[in-house]
Amino acid sequence: MTESLNQAFSNSPRRQKLQIIGSVFMAIVIAAVMLILYLVVSARVVSMGRQLQQAKDEIDQLVYQGVNYRNQIAQLSRFDVMEEKAKEMGFRPPYPGEVFYVPVPGYKLGPETHVEIEQDTRPAVINVNLLEYHQSLFEWIGEQMNNILRPFEGL
Amino acid sequence: MNEKTTYNWRFSTIAVLFSLFGLAIIVQMVRIQLTVNSGDLPSPSLLGQWETAASRRGLILDRNGHLLAGNQTVYAVDVNFSDFYQPDEIKEVKMLADLAIEVFGINNQYLLEFLQQEPRPLTKNITVERFASQEDLLNFLALVENYYAGIPRELIDGEPSEEIDISLEERVEVIDCSHLIRVSCTPHLIRSYPEGKLASNIIGFVMRDTKQGQLGIEEKYDSTLFGNDRTLWALWDPHKADQAPDPDHGANIILTIDSVLQADIENILDKTIKKTGALAGTVIIMNPQNGEILAMASSPRADINQYWSEDYLDIINNHENVFNYAIKSYEPGSVVKVLTMAAALDAGVVEPNTEFIDEGEIEIGGVTIKNWNEKAWGPQNMTSCLQNSLNVCLAWVATELESEQFYNYFQDFGFGQMTGIELSGEAPGLVKSYWSPDYTRSELGTNAFGQGIEITPMQMVKAISAIANHGEMVAPRIVHSILDDGYRYTPPKTVVGHPITAETAQTLTDMLQESLQNETSLALVPGYSLAGKTGTAEIYVPGQGYKSTATNTSFVGWGPTDDPQFLVYVWISKPSASIWGSEIAAPVFRKVVEKLVIHLGIPPDAVRVALEE
């Protein structure tokens, strides 16, 4: 009776073998998928690493080019060069008696020249929130002790 | 053989093959671990190269953004002198050495001897030029490429032509030498000063080899301006790409000076030095209301692009502070009378109408003090004492103050202390303490008219600002802002004291304005209310004493007197055309004011009042 029940409810030997083979194949497929994913990610990392290296090279090139452009502009706008051009065009410096001042309604007289600063700059805030400014002596000693003992941790 | 047995055999064969393959891999791994010397294999950490990030030193700009100190790309040029055995290779190497000497103008004796050596030794890379300009390198490469292409050099009058046409693009693009086997060029940045001598006394310079700032702003703000080159060993492994160095640029500095005004003032000063046969000089223009230096000329100046030139050796070595006369101490003479009078008026020991009978000499501490013309001027008031610049009168005023009060005022005016202007190499000056053992009472008399003490023009500007600015003394400053990583730091206006009251300042300004007009000074500018004082000081020569033939001539003035916008200080040292400040320094003041009122847009008083109404 028992034997007939076992036979009735157990897998056939063929099905058992198929299950084992299926499991092995499943493991292989999973491993293969993981390997492929690893290779894909690794390849992407390498590719991005190369891009990063190229971008850094380009940054360097752009810095050099920017410096060269600014230098060329500075050379072309030197005072002696500009003065020479102005003279060639027939200009000369004015004298105080030659200047006419015309009142313009609403214009406020401001003799001082103004400094033009890039619009995207923000006023600097000096960082005084340093540990040294609010740390007590005992906290400092504790920190120093921890620093000294850190190499011996885990021994 | 049944079907099952056949499959078993196939499975077994495949299993054995895979096992053998796996075993082979394991055996090879073990063999490498045990038999191959690990030192023979390239270490992953060696697969890379030294890389330097292109970090630029911070810019120095004037108040209108005009570039005064920038950077320039130059190249380190290396030539490989190894592996040449064949005649054509020997010829090639000789050509490279000859062209390097010719184009880069090599004058280093050791390098020159090496490059001219015959027979040439086999050597690896030799740096033939560390700071090759874009133009020189392009010229060198063009000549090298022409050689390889078999193009003969163009001759002009029998001499090889060095000039090549370089387009703007070529001047800007980074040069790549990788197509040449024996030549390599590595770009790097050095300091460049597009305006040459303009404001060089303010800027200072940067040593090309050490990249350290020397003198002026460059030294004072070296750590702020410094662009950290960050040379690191960068691996070729793309996984380590993030380890390559990032550029770390220095902060930019905006100065308070106006380059156009600076250029005009330097021009006036240089012409004066030449015309009067003077040794040197300086002109400072400051806004007395906020301490901003608008111009600071000093002559002679060095072209800081060529700081190593022998022409500038004395200036660059800065012996006795000659790099910038604005911060060099000297005996200023009668301009100090303004401060002596300020102290006396403020202490209440004299008033503008206080009478003084000038007998032509006064004895203080056993020393007889005389007037500049050694004559007696008779009855005077304090205004005429200043107008006629009477030494006897001012020495008497100092005795009325007495030593303690007199020197306390001088200390309050900041004498003997550095002004704190953001320039390297500022002299503190020298004012003796009245309690020091070597102090004699006669010095009270001589100090009262600016002899026997050493003061810098910058200290005088700071002290006089108290008079021009209604009793409020401001610290002179030349740095307007620092820009770093998108942030701006602007040092605030600094009031450094109130040595005299506003009433004293106003009284003295009125006295000086009146005296300037009465003497029909050469400093006057028609239409503008100005106050000022000349100064002539004899120069002490060791072993010979004070010589009246060699003088320091000075002038200090400000205006408009009711709303001062500028304070000008002039010092011309050892002029030969005249020894008097009224004839040498006063006209310089007038020329400077004529320029700056136009430049700053300050109309004549009548127009200004009408406009304000």
Side-chain angles (χ1 to χ4, degrees), chain A residues 42 45-57 59-83 93-104 107-118 120-126, chain B residues 53-56 63-67 70-73 134 168 171-174 187 189 192 194-196 198 237-242 244 246-247 254 258-260 263-264 287 480-484 486-490 525-527 565 594-595 597-598 600-604 607-608 610-612:
Chain A
S42 183
V45 167
V46 168
S47 167
M48 292 183 81
R50 289 277 178 228
Q51 284 178 20
L52 193 59
Q53 284 173 332
Q54 283 171 1
K56 286 194 171 180
D57 287 345
I59 287 170
D60 279 357
Q61 298 283 314
L62 288 171
V63 169
Y64 287 125
Q65 282 182 14
V67 162
N68 289 348
Y69 269 118
R70 192 180 271 273
N71 199 32
Q72 288 300 316
I73 292 167
Q75 294 296 336
L76 293 171
S77 58
R78 283 171 58 108
F79 280 117
D80 53 353
V81 174
M82 300 299 275
E83 191 177 18
Y95 295 102
E98 297 172 323
V99 180
F100 293 96
Y101 293 89
V102 181
V104 177
Y107 175 72
K108 195 180 174 187
L109 191 66
E112 195 195 348
T113 52
H114 296 284
V115 178
E116 295 294 336
I117 296 191
E118 293 168 41
D120 58 346
T121 58
R122 292 150 286 174
V125 179
I126 299 194
Chain B
S55 303
R56 60 164 179 74
R63 65 187 299 122
N64 298 314
H66 189 81
L67 186 69
N71 297 284
Q72 182 187 353
T73 306
Q134 193 98 351
L168 180 64
R171 288 176 196 277
V172 170
E173 286 297 320
V174 181
L189 298 172
S192 142
E195 295 291 348
L198 184 81
D237 182 356
H239 292 94
K240 311 281 184 186
D242 59 321
D246 287 323
I254 298 175
D258 183 317
S259 299
V260 179
D264 280 341
N287 181 337
H480 185 283
S481 302
I482 297 172
L483 302 178
D484 188 18
Y487 285 92
R488 179 183 77 243
Y489 174 67
T490 304
V525 178
Q565 298 294 328
E594 282 175 347
K595 285 284 180 192
V597 290
I598 293 173
L600 299 183
I602 303 171
V607 178
R608 181 165 52 88
L611 286 172
E612 283 171 355

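Small disclaimer: the values here were computed from a predicted structure and weren't measured.
The candidate from B:D484, B:L198, B:V260, B:D264 with the greatest count of non-hydrogen atom pairs under 4.5 Å with chain A is B:V260. Heavy-atom pairs under 4.5 Å with chain A peak, among B:P187, B:G196, B:P526, at B:P187. Between chain B and the residues A:Q51, A:Q72, A:Q75, the most heavy-atom pairs under 4.5 angstrom are made by A:Q72. Note on B:V597, B:V525, B:I598, B:I482: by heavy-atom pairs under 4.5 Å with chain A, the leading option is B:I598.
A:V67 touches chain B through backbone and side chain together, each having a heavy atom under 4.5 Å away. Heavy atoms closer than 4.5 Å to chain B are found in the side chain of A:V63, but not in its backbone. Interface remark: A:S77 contributes backbone and side-chain atoms alike to the contact with chain B (heavy atom separation under 4.5 Å). Proximity to chain A is absent for every atom of B:S55, based on heavy atoms less than 4.5 angstrom apart. Contact annotation for B:T73: both backbone and side-chain heavy atoms come within less than 4.5 Å of a heavy atom of chain A. With a 4.5 Å cut-off on non-hydrogen atoms, A:I59 touches chain B through its side chain but not through its backbone. Proximity to chain A involves both the backbone and the side chain of B:V172, based on heavy atoms less than 4.5 angstrom apart.
Distance check: A:Y69 OH to B:E173 CD gives 6.5 Å after rounding to the nearest 0.5 Å. Separation of atoms CZ (B:R56) and CZ (A:R70) is listed at 7.0 Å; rounding is to 0.5 Å.
Across all non-hydrogen atoms, the minimal contact from B:R171 to A:N68 is O-ND2, 3.8 Å. In this structure, B:P604 and A:Y101 approach most closely via the heavy-atom pair CD-CE1, 3.6 Å.
With hydrogens and angles ignored, the 3.5 Å screen pairs no side-chain donor or acceptor of B:Q72 with any backbone N or O of A:N71.
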